[in-house]
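Quick note on labels: first sequence line is chain A, next is B, and so on, each numbered from 1.
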There are 2 protein chains.
Amino acid sequence: MTITMQQIAEKTGVSRITVSRALNNRSRISQETRRKILKEARRLNYRPNAVAKALAMKKTHTIGLVVPDITNPFVAEITKHVEDRAAVGDYSLIMCVTNNSLKKEDASIRSLMDRRVDGIIINHPQSNAQSQCIRQLKQEKFPFVLIGTIDGMETDYVMVDLAEGAYQAVSHLIRQGHKRIAYVRGGNGRLRLMGYKKALAEHGLGFDEELVVRCGPGLKDGAEAAGKILAMQDRPTAIFALNDFLAMGVMDALKAANLNVPEDMALVGFDDVLLASRLSVPLTTIAQPMEQIGKLAVEILMKKIEKPTHEPWQVMLKPQLVIRESCGAKSQQSSQENT
Amino acid sequence: MTITMQQIAEKTGVSRITVSRALNNRSRISQETRRKILKEARRLNYRPNAVAKALAMKKTHTIGLVVPDITNPFVAEITKHVEDRAAVGDYSLIMCVTNNSLKKEDASIRSLMDRRVDGIIINHPQSNAQSQCIRQLKQEKFPFVLIGTIDGMETDYVMVDLAEGAYQAVSHLIRQGHKRIAYVRGGNGRLRLMGYKKALAEHGLGFDEELVVRCGPGLKDGAEAAGKILAMQDRPTAIFALNDFLAMGVMDALKAANLNVPEDMALVGFDDVLLASRLSVPLTTIAQPMEQIGKLAVEILMKKIEKPTHEPWQVMLKPQLVIRESCGAKSQQSSQENT
DNA sequence: AATGATTGCGAACACGTGTACGCAGAAATT
DNA sequence: AATTTCTGCGTACACGTGTTCGCAATCATT
């Protein structure tokens, strides 16, 4: 049985209210009784019931985090920083994993709302602007921040200029002499597609719809996409992958086909995951500032929790090309950076 | 402003209690009024307040998960399965990251208790048997399950026979002809040390204390440990690392020293992380059944939540040697297994 | 010394829900 | 027709906390 204020009150011969005052360091109480109460609370090892407090204060000191897949190192790293920043701000984190399912994302958000979390961070939302759930969040002015964006919806967000990143990646491949560059697009990848197209256009290369291959989010999906690319009649000489995770899948497929990177096929990823530099062929990729993303998401959310009606805070961060070996260029930086 | 039962009651002209009965599908209510109430609840988009419910029922439908480092792929994978199984059982997950700090672990557990989670899973506990916090958990019969164990404390747990795994790993290295095998022990690694010693003893090799190198949990720590090993006068020819993560650090250092794996130095890891097979030199390692670990931890916890006084459930799982290239033996399985 | 301000405390209500009980009226039993 | 059971609903209390009052007693002010 756990200790309540009532019990401390009875032991010390005062009312529960007075106990509350002592514990919350309020005024209108004598030093004497305060000391007596604190001593007794300490002796009984009293711990306030956060649930009751949450109900009374209409504040749970909890934020929800919705992620597509925690085993994706990019997601994991951001999650780490989110948790870290939240802990500093005295918030706990309820984490929901959606496995890239829109349905689960909806259910997760609903559950978080029911739990009355103070705010929600949605990492890589699956939802679109028609999504009932997100619209409700917005309409009720429930504090939430996206990592990424939802097309056609004005929200708080922190994101990375993905189009710019893709532009850099593809431009770099073009500078290496590649003319047919496939794009393993994954499920979404619309913004990167824009950068991809822009790079092609600027260098006078035509856009070939066939070179854009859609696929699921798993390693196997990446391998499968690579298989399709290898089977093309006029086989591309380079592949740009939606993210490092898919790039690894592509590598698997290339290896299985006995092709070498970058000689037989150049490859560029996206994210600069901790392990990108440690793969069999160190991966050229686009680095995203994961720590900043995580921290900013929490900080914006905290602002929004304080002022739910404030107009959206929106942060756009810059990605950066990291040249290693998988693209065929000489490595510019030894990049042994991360912990 | 959110909808409450009271408001539905007023709209439909009944008491709040009747609303409760209708929503919870209780008896002692006419079909007529039930339908009327449900209709109104639907219209108003009523969502029960989980905080209030938790207070009344003394049940939060939430479990706490304490992990040392979510960016460690091994931890992330287990976390995924924990979340998954918890979601199926209609539990939400509050995640706390300790960064391998005992102090933070304590604070996390305290916070979870304050929040009245229904139970706690502690992945790789830092605490020892003297830890005040854990002892309190146990004394109060607060449901908790360890992934791993705490020496000298009888608790519920699911763990892998780490000694057996280490035994397999080191035995394998010995079979490859290695006689001086270093052990990058990391911070804890006591059980693996037993397996390490057993393998040496069984093959008539002496134990050399110097070959056991302690270090922190990060990639850099692994590299540092490798540096010490390389500096030894009678340099070892093989390294057994506490886990794949540290093994990657070791690889970094070897590469920096221009040494090849496995020719100049054989290497075996532990965990069989998703990426072990994709490193520059595919890593021989000890596979742990991560999905089983995560699921069982939740299932045991759920049992414990139902019967807090039941004697501890304890599960010991078997690890498995996965031979790739870093040990110098021929790969037995192509191991393209994981998703 | 009479008045006003301040201090120390408790009563009462609020937060949103679940549940044991009581009490009418209707239905079923004698 | 009188009694018992059952149905449908509301009253009252509980969960553990925060907060607004009001009321004495004490202190400071004139």
field: Criterion side chain to side chain contact (heavy atoms under 4.5 Å, CB included) against A:V160, the qualifying member of A:L191, A:I293, A:I147
entry: A:I293
statement: With B:I122 as partner, the option from B:I134, B:L65, B:L112, B:V145 fulfilling side chain to side chain contact (heavy atoms under 4.5 Å, CB included) is B:I134
query: Which pairs with one or both residues in residues 25-37 of chain B pass side-chain hydrogen bond (donor to acceptor under 3.5 Å, both in side chains), sequence neighbours excluded?
result: B:S30-B:T33
Pairs touching residues 64-76 of chain B that satisfy side-chain hydrogen bond (donor to acceptor under 3.5 Å, both in side chains), sequence neighbours left out: B:D69-B:T71
query: So, is A:K53 near the phosphate of D:dG18, with a side-chain N or O under 4.0 Å from OP1 or OP2?
result: yes
message: I need the full list of ring pair (Phe, Tyr, Trp, His ring centres under 6.0 Å) pairs touching residues 48-76 of chain A, with sequence neighbours left out, sorted by first then second residue.
response: A:H61-A:Y91, A:F74-A:H124
Got a sec, which residues hit side chain to side chain donor-acceptor pair (under 3.5 Å) with [X], two or more places apart in sequence or on another chain?
X      : result
A:E40  : A:R43
A:E299 : A:R85
B:S127 : B:E105

field: Interatomic distance, B:L23 CG vs C:dG18 P [rounded to whole Å]
entry: 8 Å
message: In whole Å, I'd like the distance from the NZ atom of A:K58 to the C1' atom of C:dG16.
response: 9 Å
message: Give me each pair satisfying salt bridge (charged side-chain N to carboxylate O under 4.0 Å, His left out) with a member in residues 127-154 of chain B, each pair once, sequence neighbours excluded.
response: B:D151-B:R190
- request: Name all pairs fulfilling the salt bridge (charged side-chain N to carboxylate O under 4.0 Å, His left out) condition that reach into residues 300-313 of chain B, sequence neighbours left out, sorted by first residue then second.
  value: B:D156-B:K304
- request: Could you check which of D:dT11, D:dT17, C:dG16 has an atom nearest any side-chain atom of A:M5?
  value: D:dT17
Under 3.5 Å, which N/O atoms of the protein pair with N/O atoms of nucleotides 19-29 of chain C?
{"from": "C:dT19", "atom 1": "OP2", "to": "B:R26", "atom 2": "NH2", "distance (Å)": "2.8"}

message: Checking A:Q292 now: which residues fulfil side-chain contact (heavy atoms from CB on, under 4.5 Å) with it, not counting sequence neighbours?
response: A:P289, A:L296, A:L317
query: Within the structure shown, what part of the strands sits under 4.0 Å from A:T33 by heavy-atom distance: base, sugar-phosphate, or nothing?
result: sugar-phosphate
- request: Please round to 10 degrees the angle between the axis of the first five pairs and the axis of the last five pairs in the helix from C:dA1-D:dT30 to C:dT30-D:dA1.
  value: 50°
Return the polar atom pairs (N/O with N/O) between nucleotides 25-29 of chain D and the protein under 3.5 Å, or none.
none

message: Using heavy-atom distances to pick each residue's nearest nucleotide on DNA chain D, tell me which of A:R47 and B:V14 is more 5'.
response: B:V14
query: On DNA chain D, nearest-nucleotide positions of B:T18 versus A:Y46: which is more 5'?
result: B:T18
